[in-house]
Amino acid sequence: MIENLVIVESPAKAKTIEKFLGEDFIVKSSYGHIRDLAKKNLGIEVDNGYNPQYIIPDEKKNVVKELKKLVKEAKEVWLASDEDREGEAIAWHLMNVLELDKKKTKRIVFHEITKDAIQKAIQNPRPIDENLVNAQQARRILDRLVGFEVSPILWKKVKPSLSAGRVQSVAVKLLVEREREIMNFKSESYFKASGLFKTAKNEELKADLTDKIKSQKDTQAFIELCKSAQFNVKDISKKPGKKSPAPPFTTSTLQQEASRKLGFSVAQTMTVAQKLYESGKITYMRTDSVNLSEMALNSAKNVINKEFGEKYVKIRHFKTKTKGAQEAHEAIRPTFLDKQEVSGSDNEKKLYDLIWKRTIASQMSDAELEKTSIYITISNSEHEFLAIGEVLKFDGFLKVYIESSDDENDEDIKGLLPQVTKGEKLEYNSVQAIQRFTHYPPRYTEASLVKKLEELGIGRPSTYAPTISTIQNRGYVVKEDRPGNERNYTVITLSKGVIKETTKTEITGAEKSKLFPNNIGMVVNDFLEKHFDEIVNYNFTAKVEEEFDEIANGKLEWPKMIDKFYKPFHKTVEKTLETSGKSVGERILGNDPATGKPVSVKIGPYGPMVQLGLKDEDEKPQFASLQKGQMLETITLSEALALFKLPRELGAYENKKVVVSIGRFGPYVRHDAKFVSLKKEDDPYTIELGRAIELINEKREKDSKKTIKTYSEDPDLFVLNGRWGPYISYKKQNYKIPKGTDAAELSYKNCLDIINKDSDSKSIKKEKTGKNSAPKTKSKKPSKK
DNA sequence: CAGTGAGCGAGCTTCCGCTTGACTT
């Protein structure tokens, strides 16, 4: 017989709580939701008051079975899921599925996992809040209606397997809008002048002109003036300043900082954090709260006191600013703040270190600064120079942690300025004006997109990472690096009375790990904006959240709210299905000057493509795929026509055709059924036969050196030299040679050992990945009754 | 990564939020 059964959401939490509660309590986990809408069809009886069809998903059957068994043995059952909308619903589903007596069901909540908090909770049970549950049901049903009615329209009108939803479609829209802003951005140049001066005490003082100068002509004129100008210190001002630490981590801020400081993707951050959580090193990692428990605050105080001294302690209570935050948990922090380091993988150590520093810093004193500004007048000009220096008077929290910023221009490190007096005359060493350019708004990274979604109140801590993955998996968006372009800029320098003008080059616009919308993402976004403006509106979530709140407060009935949304929405769905044509982003670019045939671009069955000619003519139209990075909406007629120039036949070599084209791995030459990649400096559109032959011969020579060893025992076995050094090839499979082995010395038996060892680990890996993708292959089995 | 895609015949795909698991005797 069990005295008490407590059910929480997470197994790691269950373990911790069990310790606090003593022998009379058994604590189990529900592993999140145990019921969901039926997966087939809508799972909602639209004509029957939107009655939801709940089922227990296969992967939850075992959990439910075990809980049912325990409930039968238990005298008392406590539902201790999180104190938020989803948690309340989990408790309600548990009550129903486990057939608990409504009157006797004890619902308890706590925000902190501390002994005190839990024992207090046990003393204050309450009934399940049905209004809050209804708000969750409305949320769930609305999301299902949107997702499962709009996605199939995309299958018909754009491409199969696409998806749309309240959250993901807005994420894509943010990226598409930003990309178009960038496309339309016109960069303007201006000049930034700065001077190096010599003070009376013969020290150097660097100052920047307070305003920009637009044209090169005006800049030249200004520099000319400086030649004969007198420079004086007009004013010196000293102002105290302070900096305060950032609040402790939430899911979103952790993802942002781990991305900036450690280069983690948001998914990676969550995986590593999960490990730390499961091994008891940090508190729960899916949270929107910046709150720390009293126990944690006390512990932080002690640690700071001990490590840095009393001066550095400043206990703070942060308030969340996030829209729609539900604050069911604490902020993300180390479980034991006195543990500065933990064991584990490198990434776990790094992430823990970040969390420790951020948490500790959040309870430390402000940093105190002194900011000095020196204004310098120019006798023959209205312009003014300004030198700014910043001195740290007291480091405070900066001793431990400095928050990073997404702004790449945050480079200025200011230091101490030399002593000058008001009115002092300064000599110039040099005056320099550098041409700069206005920059388009930055592209989103995964983490900065999460930040933006959070600001809009869209998505939850548990869904940020999956949402970012979904929009990439659907092909709406790619995360990648892109090289920049060279750009010239002018530098005008005045030194020793001589003005010099030079042209320099720089690389601009290079992107690293940024999110770029693909053509399909743009087409889908435009389709949704045209037909489902309401859903992709940035305020849609905020609007429905207000109504969910009304439901939670008992002021609105959920079926009414859903009905008010669904009636007009469903009409739009039907109208769109009937009236809208295929939406494939088609653009007519013009006519081919050679044949007079029309040229158009659109999304084809294999991706974005160019079409030359029309379907209904005698001659079939020609097709060619767009290349990576080419956009339907910006490609020009000549760029599109260039795509038909490949494959190009260059001529013959050794009586065999030499053909150049572009494939999956970039531009290549084909000759005698062999492929040779073009070098970076070669252009497939202009390369000539001579150069192609050169490449072919180069490859041949390489190949001749490719075979290191063959074996008489087995003709299928080779030791080869590849791009990544020597490797073993056996029956079309390749195997790594262990480090420190001389490839030329490998015996037949050595090779077989390597092959056998390797295929063992390979088959294990394969099994694993096979299982992860199981839902896809699984669906093949006939499931009809 | 060990190589340079391509036309209907079949049924399937999809949402957002909670949470981790993983099939062998």
Side-chain angles (χ1 to χ4, degrees), chain A residues 8-13 29-37 39-44 57 59-60 62-63 81-82 84-90 93 136 139-155 159-169 271 274 277-278 284 286 326 328 458-464 466-467 470 474 535 541 604-607 609 620 623-625 647 659-670 673-678 706 720-724 727 729 732-735 767-772 774-776 779-780 782-784:
Chain A
V8 296
E9 291 179 37
S10 146
K13 196 167 165 182
S29 157
S30 73
Y31 295 82
H33 275 292
I34 51 150
R35 278 207 303 193
D36 191 15
L37 294 174
K39 285 186 183 18
K40 271 177 240 157
N41 309 321
L42 263 187
I44 299 160
E59 64 269 24
K60 286 291 159 62
N62 280 335
V63 178
S81 43
D82 298 342
D84 58 16
R85 199 162 64 201
E86 298 297 326
E88 204 66 18
I90 288 174
H93 282 299
Q136 191 275 348
R139 199 279 305 155
R140 180 69 191 93
I141 287 165
L142 178 106
D143 282 338
R144 171 57 71 87
L145 289 170
V146 170
F148 275 36
E149 294 216 352
V150 179
S151 299
I153 304 182
L154 295 179
W155 306 343
K159 219 181 99 170
S161 299
L162 295 176
S163 64
R166 175 177 57 82
V167 174
Q168 59 169 283
S169 296
T271 314
Q274 176 91 27
Y277 168 66
E278 282 172 7
Y284 196 57
R286 291 185 276 262
Q326 311 206 358
I458 299 174
R460 303 277 314 133
S462 68
T463 59
Y464 294 138
T467 301
T470 299
R474 299 272 174 276
I535 310 286
T541 293
Y606 304 103
M609 64 177 195
K620 264 195 176 175
F623 299 101
S625 287
V659 179
V660 60
S661 190
I662 295 178
R664 277 201 292 168
F665 309 109
Y668 65 93
V669 177
R670 194 180 62 216
K674 286 203 174 76
F675 295 88
V676 186
S677 289
L678 294 197
K706 193 175 159 190
L720 301 174
N721 210 351
R723 210 166 122 193
W724 293 275
Y727 65 98
S729 166
K732 302 233 162 161
Q733 288 265 21
N734 299 301
Y735 303 89
E767 235 170 71
K768 268 204 166 165
T769 50
K771 243 151 235 163
N772 283 344
K776 269 184 185 165
S779 57
K780 269 187 181 166
S783 52
K784 260 191 186 171

Distance-only donor-acceptor test, A:Arg460 side-chain atoms vs B:dC18 base atoms, 3.5 Å: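 Side chain to base: no pair below 3.5 Å.
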
Under 3.5 Å donor-acceptor pair, A:Ser163 side-chain atoms to B:dT14 base atoms: no

Closest to the [X] side chain: [options]?
{"X": "A:Phe623", "options": "B:dG7, B:dT20, B:dT14", "result": "B:dG7"}
{"X": "A:Gln168", "options": "B:dC18, B:dC16, B:dT20", "result": "B:dC16"}
{"X": "A:Tyr668", "options": "B:dC16, B:dT4, B:dT19", "result": "B:dT4"}
{"X": "A:Glu278", "options": "B:dC18, B:dT14, B:dT20", "result": "B:dT20"}
{"X": "A:Pro160", "options": "B:dC16, B:dG7, B:dT13", "result": "B:dT13"}
{"X": "A:Ser10", "options": "B:dC15, B:dT20, B:dC18", "result": "B:dT20"}
{"X": "A:Ser677", "options": "B:dC18, B:dT4, B:dC16", "result": "B:dT4"}
{"X": "A:Ser625", "options": "B:dA6, B:dT14, B:dG5", "result": "B:dA6"}
{"X": "A:Arg144", "options": "B:dC15, B:dG7, B:dT20", "result": "B:dC15"}

Dot-bracket line, read 5' to 3' along DNA chain B, where crossing pairs take [ ] and | marks a partner on another strand, Watson-Crick or G-U under 3.5 Å: .........................

Which is true for [X] with a 4.0 Å heavy-atom rule: it touches a base, it touches only sugar-phosphate, or it touches nothing?
{"X": "A:Glu149", "result": "nothing"}
{"X": "A:Leu154", "result": "nothing"}
{"X": "A:Ala89", "result": "nothing"}
{"X": "A:Gly604", "result": "nothing"}
{"X": "A:Arg474", "result": "sugar-phosphate"}
{"X": "A:Val167", "result": "sugar-phosphate"}
{"X": "A:Thr470", "result": "sugar-phosphate"}
{"X": "A:Gly32", "result": "base"}

For A:Phe675, all residues meeting ring-ring contact (aromatic ring centres under 6.0 Å, His included), sequence neighbours excluded: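 So A:Phe675 forms a ring-ring contact (aromatic ring centres under 6.0 Å, His included) with A:Tyr668.
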
Listed partners of A:Tyr31 passing ring-ring contact (aromatic ring centres under 6.0 Å, His included), at least two apart: none

Starting at [atom1] of [X] and ending at [atom2] of [N], how long is that distance when rounded to a whole Å?
{"X": "A:Glu86", "N": "B:dT19", "atom1": "CD", "atom2": "C1'", "value": "12 Å"}
{"X": "A:Arg140", "N": "B:dT19", "atom1": "CZ", "atom2": "P", "value": "15 Å"}
{"X": "A:Asn41", "N": "B:dG11", "atom1": "CG", "atom2": "P", "value": "16 Å"}
{"X": "A:Glu9", "N": "B:dT19", "atom1": "CD", "atom2": "C1'", "value": "8 Å"}
{"X": "A:Asp84", "N": "B:dG17", "atom1": "CG", "atom2": "P", "value": "12 Å"}

Contacts of A:Gln136 that satisfy side chain to side chain donor-acceptor pair (under 3.5 Å) - sequence neighbours left out: A:Glu86

Sequence-distant partners of A:Glu88, side chain to side chain donor-acceptor pair (under 3.5 Å), two or more places apart: A:Arg107, A:Arg126

Donor-acceptor pair, side chain of A:Ser29 and main chain of A:Glu9, under 3.5 angstrom: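 Yes.
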
Exam field: side chain A:Thr463 to backbone A:Gly459, donor-acceptor pair closer than 3.5 Å: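 Not a single qualifying donor-acceptor pair exists.
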
With a 4.0 Å cutoff (strictly under), does any side-chain N or O of [X] reach OP1 or OP2 of [N]?
{"X": "A:Ser151", "N": "B:dC15", "answer": "no"}
{"X": "A:Arg166", "N": "B:dG17", "answer": "yes"}
{"X": "A:Thr463", "N": "B:dG17", "answer": "yes"}
{"X": "A:Arg286", "N": "B:dT20", "answer": "yes"}

A:Ser163 and A:Arg474 side chains, donor-acceptor separation under 3.5 Å: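 Judged by distance alone, the side chains do pair up.
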
C1' spacing across the pair B:dC12 / B:dC8, given as an integer number of angstrom: 15 Å

DNA chain B: 5'-proximal contact among A:Phe148 and A:Pro466 (nearest heavy atom): A:Phe148

Syn-anti status, with the boundary at 90° from 0, for the nucleotide B:dG5: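 B:dG5: syn glycosidic orientation.
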
Residues forming a salt bridge (Lys or Arg N to Asp or Glu O under 4.0 Å) with A:Asp143, sequence neighbours excluded: A:Arg139, A:Arg166

Rounded distance (nearest 0.5 Å) linking atom OH of A:Tyr277 with atom NZ of A:Lys13: 6.5 Å

Pi stacking test for A:Trp155 and B:dT13: under 5.5 Å apart, planes under 30°: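 By the stated criterion, A:Trp155 and B:dT13 stack.
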
